[in-house]
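What follows is a short report on a single structure.
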Amino acid sequence: MSTPNFLLSNGKNMPMVGLGTWRSPPEVITQAVKDAIDIGYRHFDCAHIYGNEAQVGSALREKMDEGVVTRDNLFLTSKLWNTFHKPELVRSACETSLRNLGVDYLDLYLMHWPMAYKSGDNLYPTCPDTGKAAFEDIDYVDTWRAMEDLVDEGLCQAIGVSNFNEQQINRLLTVAKLKPVVLQIECHPYLCQKALITLCYDNAIAVTAYSSLGSGHTPYEKPGAYPLLQHPTILSIAEKYGRTAAQVLLRYQTQSGIIVIPRSVSKQHMHDNFKRIWDFGLAIDDIKAIDDLDCNGRFMTMKA
């Protein structure tokens with residue numbers, strides 16, 4: 001069974017399950033992407049800051065050369081990093097991702113975070129006196145306007161944002177010529193984000209969840225009493241349906257219309273994440289039990 005698509009506000013289809021590539025080592029991601037394409041994945045979530053777009057691109061080119069997929073079959077997302085928020089840097093940053101991925105256009109280009117770091121070659125600039133992040137006073141609205149030009153010029157079919165809150169989304173909606181097509185956020189039972197998701201749906205903005213299985217290897221926070229994949233409530237529901245905890249967590253999101261991008265380099269896990277979440281549905285009581293795990297707990301925090 002192939003994954004269903006989500007119809008975006010620009011009229012394009014976005015597969016509801018993609019392969020996340022954050023923290024996938026460059027030396028293994030090429031084979032993982034090739035395996036994913038063979039399984040049926042067509043949606044790949046990338047970013048300049050992940051440091052592996054060239055290796056993802058190698059896999060895409062190999063599979064296109066083999067005739068397994070065409071560019072039109074793929075849905076490729078990349079993200080504008082914080083050091084490239086100056087409007088005059090946006091196009092070249094996008095072109096770098098295009099060059100690394102080996103394609104002529106992106107299906108979706110996201111502003112990775114609303115805040116700007118100091119421009120320059122260092123992707124994580126710090127203040128010499130404090131060792132904390134070095135920010136730059138660049139309004140994300142100005143960055144967004146430069147991203148709108150990328151759509152007009154054919155470099156991207158759609159643009160969106162990542163890690164924005166309700167206030168930032170509302171402000172963008174009041175000034176944008178092209179409204180965001182997608183918001184990508186951390187979203188899982190410990191961080192349900194219901195109000196933010198409702199705002200998006202009310203404005204025809206699709207939602208992509210990252211860390212939907214938790215984030216066992218996060219260098220940041222570890223919320224909750226248990227890792228999500230080991231929570232007794234999740235394990236009990238998984239046993240009820242004869243599924244894995246991961247499949248329950250992914251179905252919990254997709255059943256609400258949320259796009260998921262689980263990261264894996266294991267062929268078996270990629271297969272199970274892609275193929276085994278569409279032939280069952282969670283009962284309302286089970287969804288309520290998962291909702292009740294919400295503790296506003298984040299795995300991903302960007303500290304100054």
Side-chain angles (χ1 to χ4, degrees), residues 1-8 10 12-24 28-50 52-53 55-57 59-60 63-64 68-79 97 100-101 103 105-110 112 156-163 180-188 197 200 205-215 246-247 249-278 300:
M1 181 178 185
S2 61
T3 183
N5 291 318
F6 191 103
L7 182 62
L8 300 176
N10 69 341
K12 303 294 184 179
N13 283 315
M14 183 174 185
M16 289 196 68
V17 177
L19 184 70
T21 61
W22 183 54
R23 296 180 70 80
S24 291
V28 300
I29 190 62
T30 299
Q31 186 59 49
V33 170
K34 290 192 290 185
D35 289 342
I37 289 173
D38 290 339
I39 289 166
Y41 283 80
R42 297 296 181 262
H43 170 190
F44 296 92
D45 183 80
C46 308
H48 178 72
I49 194 62
Y50 299 167
N52 56 16
E53 286 190 322
Q55 290 77 18
V56 172
L60 298 177
K63 286 299 177 181
M64 285 190 280
V68 177
V69 290
T70 64
R71 175 64 187 91
D72 290 344
N73 298 148
L74 299 170
F75 191 100
L76 303 180
T77 299
S78 188
K79 306 180 191 75
S97 285
N100 285 334
L101 291 168
V103 294
Y105 67 91
L106 294 169
D107 297 276
L108 178 63
Y109 198 43
L110 303 177
H112 209 147
C156 309
Q157 293 197 339
I159 51 176
V161 292
S162 180
N163 300 301
V181 170
V182 171
L183 169 67
Q184 185 176 127
I185 48 172
E186 179 179 347
C187 186
H188 45 74
I197 291 168
C200 287
I205 301 171
V207 176
T208 300
Y210 69 78
S211 296
S212 50
L213 304 181
S215 189
Q247 288 158 9
L249 290 169
L250 294 174
R251 191 68 184 114
Y252 169 70
Q253 300 288 3
T254 58
Q255 197 164 317
S256 298
I258 296 171
I259 299 154
V260 292
I261 47 171
R263 180 194 70 86
S264 182
V265 295
S266 158
K267 194 169 186 176
Q268 186 62 53
H269 287 163
M270 286 190 287
H271 176 274
D272 291 347
N273 292 343
F274 189 79
K275 298 281 191 180
R276 295 270 293 152
I277 67 170
W278 302 112
M300 185 67 194

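We're numbering straight along the sequence, starting at 1.
- Residues satisfying the side-chain hydrogen bond (donor to acceptor under 3.5 Å, both in side chains) test with Tyr252, not counting sequence neighbours, are Asp291.
- Between Gly257 and Met16 the shortest heavy-atom distance is C-CE, 3.7 Å.
- Among Ile29, Ile261, Leu60, Thr77, the one residue that satisfies the side-chain contact (heavy atoms from CB on, under 4.5 Å) test with Phe44 is Leu60.
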### Query
Please walk me through it: do Lys79 and Asp45 pass salt bridge (Lys or Arg N to Asp or Glu O under 4.0 Å)?
CA-CA 9 Å; Lys79 306 180 191 75; Asp45 183 80; 2.7 Å; yes
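- Taking 4.5 Å as the limit, every side-chain heavy atom of Leu110 sits out of range of all side-chain heavy atoms of Val161.
- Proximity of Phe75 to Asn5: side-chain heavy atoms (C-beta onward) are nowhere separated by under 4.5 Å.
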### Query
Passes side-chain contact (heavy atoms from CB on, under 4.5 Å), Val56 versus Thr21? Steps please.
CA-CA 9 Å; Val56 172; Thr21 61; 4.2 Å; yes
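- Using modelled atom types, no side-chain atom of Ser256 and backbone atom of Ile258 make a donor-acceptor pair closer than 3.5 Å.
- The number of heavy-atom neighbours closer than 6.0 Å to NZ of Lys12, taken from other residues, nucleotides and ligands shown, is 12 or below.
- A pairwise comparison of heavy atoms in Leu183 and Cys200 identifies CD2-SG, 3.5 Å as the closest pair.
- Here Ile49 contributes atom CD1 and His112 contributes atom NE2; the two are 8.0 Å apart, rounded to the nearest 0.5 Å.
- The minimum heavy-atom distance between Cys156 and Ile159, with the atom names listed, is CB-CG2, 4.4 Å.
- Using modelled atom types, one side-chain atom of Asn10 and one backbone atom of Gln157 make a donor-acceptor pair closer than 3.5 Å.
- Proximity of Cys187 to Ile197: side-chain heavy atoms (C-beta onward) are separated by under 4.5 Å at one or more points.
- The CG atom of Asp107 sits 7.5 Å away from atom CG of Leu74, with the distance rounded to the nearest 0.5 Å.
- Remark: Ser97 engages Glu53, Ser78 in a side-chain hydrogen bond (donor to acceptor under 3.5 Å, both in side chains) (not counting sequence neighbours).
- In the model, Asn273 has no side-chain atom that pairs as donor or acceptor with a side-chain atom of Tyr41 under 3.5 Å.
- The distance from atom CG of Leu101 to atom NE2 of His48, rounded to the nearest 0.5 Å, is 11.5 Å.
- Thr3 contributes atom OG1, which lies 4.0 Å from atom CH2 of Trp278 (distance to the nearest 0.5 angstrom).
- Checked by atom type and distance alone, the side chain of Thr208 never pairs as donor or acceptor with a backbone atom of Ile259 at under 3.5 Å.
- The aromatic rings of Trp22 and Tyr50 sit tilted, their planes meeting at an angle between 30° and 60°.
- For the pair Ile205 and Pro180, the tightest heavy-atom approach, listed with the atom from each and the gap, is CG1-O, 3.3 Å.
- Nearest heavy-atom pair, Arg42 versus Val68, reported as atom, atom and distance to 0.1 Å: NH2-O, 4.3 Å.
- Side-chain atoms of Ser162 come within 3.5 Å of backbone N or O of Gln184 as a donor-acceptor pair.
- Between Asp272 atom CG and Gln247 atom CD the span is 5.0 Å, to the nearest 0.5 Å.
- Within the 3.5 Å criterion, the main-chain N or O of Pro15 finds a donor-acceptor partner in the side chain of His43.
- The only option from Asp38, Asn73, Thr70 that meets the side chain to side chain donor-acceptor pair (under 3.5 Å) definition with Lys63 turns out to be Asp38.
- In this view, Asn100 satisfies the side-chain hydrogen bond (donor to acceptor under 3.5 Å, both in side chains) rule with no residue, not counting sequence neighbours.
- Atom-to-atom distance recorded for Cys46:SG and Gln55:CD is 11.0 Å, nearest 0.5 angstrom.
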### Query
When you look at Gln255 and Ile277, which way does the side-chain contact (heavy atoms from CB on, under 4.5 Å) test go after all the steps?
CA-CA 10 Å; Gln255 197 164 317; Ile277 67 170; over 6 Å; no
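- Nearest approach of His188 to Ser211, heavy atoms of both residues: CD2-O, 3.3 Å.
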